[in-house]
Student: 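Quick one: the structure is below, questions incoming.
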Amino acid sequence: MPSLSILSTLLSLALSRTALAASGADWRSRTIYQIVTDRFARTDGSTTAACDTGTGDYCGGSWQGIIDQLDYVQNMGFDAIWISPVTQQLDGLTADGAAYHGYWQTNIDAVNQHFGSASDIQNLAAELHSRNMYFMVDIVVNHYAWSGAPDTVDYSTFGPFNNQNYFHSYCAIDFNDISNTTQIEQCWMGDTIVPLPDLKTEVQNVSSVWNSWIGDLVSNYSIDGLRIDSLMEVNTGFWSGFQQNAGVYSLGEVYNGDSTFVCGYQDYVPGVFNYAMYFPMIAAFQSTTGSIGDLANMIDTIKSCPDTSMLGTFSENHDQPRFASLNSDMSLAKNIIAFTMLTDGIPVIYQGQEQHFVGTGGGSTPYNREALWLSGYNTEAELYTHVTQLNAARHAAINADDTYTTTQNSHIYYDYTNLAMRKGDMVTVVTNVGSTGSNYTLDIPSGYAANTGVTELLTCDTLTTSSNGTLTVPISAGLPRVYYPTASLSGSDVCTSSSKKLKRSRHFRLAAES
Ligand SMILES: *[C@@H]1O[C@H](CO)[C@@H](O)[C@H](O)[C@H]1NC(C)=O
Ligand SMILES: *[C@@H]1O[C@H](CO)[C@@H](O)[C@H](O)[C@H]1NC(C)=O
Ligand SMILES: *[C@@H]1O[C@H](CO)[C@@H](O)[C@H](O)[C@H]1NC(C)=O
Ligand SMILES: *[C@@H]1O[C@H](CO)[C@@H](O)[C@H](O)[C@H]1NC(C)=O
Ligand SMILES: *[C@@H]1O[C@H](CO)[C@@H](O)[C@H](O)[C@H]1NC(C)=O
């Protein structure tokens with residue numbers, strides 16, 4: 001019975017793919033550190049090599065460099081990284097800069113040699129997996145790139161889409177008219193210096209190439225998840241076949257502040273970046289006049305997304321201004337990071353956010369892509385410690401409660417400058433008064449039972465709720481507060497006597513070494 005044996009071979013192939021691939025459910029409990037490969041770490045380990053963000057040329061980061069600096073990422077508590085696209089790119093330095101970011105591909109069957117070799121990517125995956133970390137790779141399906149006017153594109157130089165008939169004819173995309181789906185999906189991104197020829201993803205001779213390519217990419221490099229660039233610029237009908245062939249979780253970019261619009265794409269891919277939350281978040285924490293009410297409203301609105309636990313929640317990325325360029329106050333930075341990591345979704349922290357980078361020269365793209373090595377990989381930085389504590393807090397909640405990630409966050413109190421929210425048993429209080437704010441207390445209707453002992457996970461201070469469950473939260477210097485029932489922390493290494501002992505012994509060890 002040959003058909004049966006074919007069937008069983010197919011079945012075992014499918015099973016082995018499933019065993020390797022990480023689904024959305026596997027990703028929910030992870031936190032992702034976003035790496036711009038060219039700007040994270042060099043093979044020579046330099047912490048001084050200059051990087052001129054304004055010119056936009058390659059600065060020398062590599063896949064081997066990432067391997068060498070994984071302690072820096074893992075010791076902050078991250079268990080996944082997202083790296084730049086790996087495909088071969090447009091050569092040379094244009095007036096728009098070079099293709100160091102990876103969004104200007106010319107051949108998807110070759111890797112970007114500026115970053116190393118295919119075996120370096122495989123080594124990176126192996127190193128990540130040996131640390132129980134996930135590997136997410138950025139991919140671009142929507143477009144290729146060309147240096148020169150749109151009517152001068154030599155399609156024969158592209159691989160494998162080496163014919164004009166694979167591409168839509170030129171028109172400039174108009175982002176002010178997203179209601180015209182046809183032009184969003186078929187017109188070209190980029191500009192007339194580097195136009196981005198737009199693939200006919202709706203025709204079978206294009207989609208079938210992508211479908212087999214993504215299966216190969218995922219298996220060649222043991223990829224656990226994908227970040228999908230320019231998701232809404234591709235026809236929605238393309239994604240189900242692609243997603244099936246990928247077999248892993250994916251997180252797509254839909255640059256829009258409307259939650260219904262953004263989350264609508266969860267009908268096609270498991271995850272999207274939570275741009276709907278991003279805008280009110282940035283506004284709320286930027287200054288005391290930022291609207292906390294709008295942020296609270298978005299916590300409500302986002303609940304109707306198909307799956308809030310699979311959204312990618314972020315407050316910085318390579319396309320948005322550094323938060324510190326909007327307001328450099330350290331307490332505000334701590335609040336927005338606490339909100340990012342403890343609200344719904346999979347937290348994504350952009351490299352350099354933990355070093356309080358400001359994007360010197362302008363704050364926005366391309367200045368927000370500083371070389372991380374210039375920080376000296378400082379693990380004593382205030383925000384590095386803060387992110388580490390928040391990762392530990394989130395892990396403690398997940399360990400104590402396997403419904404934590406899928407339990408939706410709710411606001412339980414807010415006023416003009418403060419917001420308290422509860423997700424599972426975690427109560428987070430954030431404020432935008434900043435580090436010069438006065439000291440005060442807030443009576444929060446915590447939802448905890450009367451006389452519950454809780455621990456503040458950033459200071460390890462303890463509190464007890466009142467006889468009606470109110471938590472009287474002391475705010476000082478505008479710092480965020482994160483509470484969890486003390487009794488539920490016993491199995492964790494957060495604020496327990498064993499973790500204090502651990503810190504003390506580390507202190508003694510350091511003292512002894514000096
Ligand atoms: C791919 O298919 C489309 C529509 O079926 C066709 O117009 C186009 O010429 C084909 N492309 C190539 C390169 O053959
Ligand atoms: C949508 O945009 C395309 C391309 O610019 C244009 O040809 C078409 O007329 C537009 N459709 C509508 C309904 O505006
Ligand atoms: C996967 O590896 C095979 C064998 O080395 C190679 O032919 C193919 O181009 C690779 N595909 C991708 C997408 O990396
Ligand atoms: C609960 O107790 C606090 C003091 O512990 C008090 O300020 C508050 O008014 C009480 N709330 C209710 C609803 O009784
Ligand atoms: C606020 O409280 C902190 C300690 O909790 C103290 O160090 C600081 O001086 C106080 N600030 C003001 C303005 O009273």
Student: Who passes salt bridge (charged side-chain N to carboxylate O under 4.0 Å, His left out) against Asp229, sequence neighbours left out?
Tutor: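 Residues passing salt bridge (charged side-chain N to carboxylate O under 4.0 Å, His left out) with Asp229: Arg227.
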Student: May I have all residue pairs that pass ring-ring contact (aromatic ring centres under 6.0 Å, His included) and include part of residues 398-427, sequence neighbours excluded?
Tutor: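 Of all non-adjacent pairs touching residues 398-427, those that pass ring-ring contact (aromatic ring centres under 6.0 Å, His included) are His411-Tyr414.
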Student: Answer yes or no: is there an ion pair linking Asp319 with Arg369, defined by an N-O contact shorter than 4.0 Å?
Tutor: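 A salt bridge links Asp319 with Arg369.
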Student: So, using ring-ring contact (aromatic ring centres under 6.0 Å, His included) as the criterion, who are the partners of Tyr440 when residues are at least two apart?
Tutor: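 Here no residue qualifies.
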Student: Indicate whether the side chain of Thr486 and that of Thr455 have a donor and an acceptor atom separated by less than 3.5 Å.
Tutor: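 Thr486 vs Thr455: donor-acceptor pair found between side chains.
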Student: Could you check whether Asp493 and His395, counting side-chain N and O atoms only, form a donor-acceptor pair closer than 3.5 Å?
Tutor: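 On atom types as modelled, these side chains do not qualify, holding no pair under 3.5 Å.
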Student: Which residues satisfy the salt bridge (charged side-chain N to carboxylate O under 4.0 Å, His left out) test with Glu316, sequence neighbours excluded?
Tutor: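 Salt bridge (charged side-chain N to carboxylate O under 4.0 Å, His left out) list for Glu316, sorted by chain: Arg322.
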Student: Could you pull out all donor-acceptor pairs under 3.5 Å where a side-chain atom in residues 334-343 meets a protein atom, sequence neighbours excluded?
Tutor:
from   : atom 1 : to     : atom 2 : distance (Å)
Lys334 : NZ     : Glu382 : OE2    : 2.9
Asn335 : OD1    : Thr431 : N      : 2.9
Asn335 : ND2    : Ser331 : O      : 2.8
Asn335 : ND2    : Thr431 : O      : 3.3
Asn335 : ND2    : Gly478 : O      : 2.7
Thr340 : OG1    : Ser315 : OG     : 2.8
Thr340 : OG1    : Ile336 : O      : 2.6
Thr343 : OG1    : Asn409 : ND2    : 3.0

Student: Could I get the full list of ring-ring contact (aromatic ring centres under 6.0 Å, His included) partners for Phe273, not counting sequence neighbours?
Tutor: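 Trp82, Phe314.
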Student: How would you list all residue pairs meeting salt bridge (charged side-chain N to carboxylate O under 4.0 Å, His left out) that involve residues 423-432, not counting sequence neighbours?
Tutor: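 Counting only pairs at least two positions apart or across chains, the salt bridge (charged side-chain N to carboxylate O under 4.0 Å, His left out) contacts touching residues 423-432 are Asp344-Lys423, Arg422-Asp425.
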Student: State which residues pass ring-ring contact (aromatic ring centres under 6.0 Å, His included) with Tyr103; sequence neighbours excluded, sorted by chain then number.
Tutor: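 Result, ring-ring contact (aromatic ring centres under 6.0 Å, His included) vs Tyr103: His101, His318.
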Student: Considering residues at least two apart in sequence or located in another chain, which fulfil the ring-ring contact (aromatic ring centres under 6.0 Å, His included) criterion with Trp63?
Tutor: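 Trp63: ring-ring contact (aromatic ring centres under 6.0 Å, His included) contacts with Phe115.
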Student: Looking at residues at least two apart in the chain, or sitting in another chain, which of them share a side chain to side chain contact (heavy atoms under 4.5 Å, CB included) with Ala276?
Tutor: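 Per chain and number, Ala276 pairs via side chain to side chain contact (heavy atoms under 4.5 Å, CB included) with Ser259, Asn274, Met298, Ile302.
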Student: List in chain and number order the residues that pass salt bridge (charged side-chain N to carboxylate O under 4.0 Å, His left out) with Arg481, two or more places apart in sequence or in another chain; answer none if no residue qualifies.
Tutor: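 Testing Arg481 for salt bridge (charged side-chain N to carboxylate O under 4.0 Å, His left out), a comparison that skips the adjacent residues, returns none.
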Student: According to salt bridge (charged side-chain N to carboxylate O under 4.0 Å, His left out), who are the partners of Asp71, at least two apart in sequence or on a separate chain?
Tutor: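 Asp71 satisfies salt bridge (charged side-chain N to carboxylate O under 4.0 Å, His left out) with Arg131 only.
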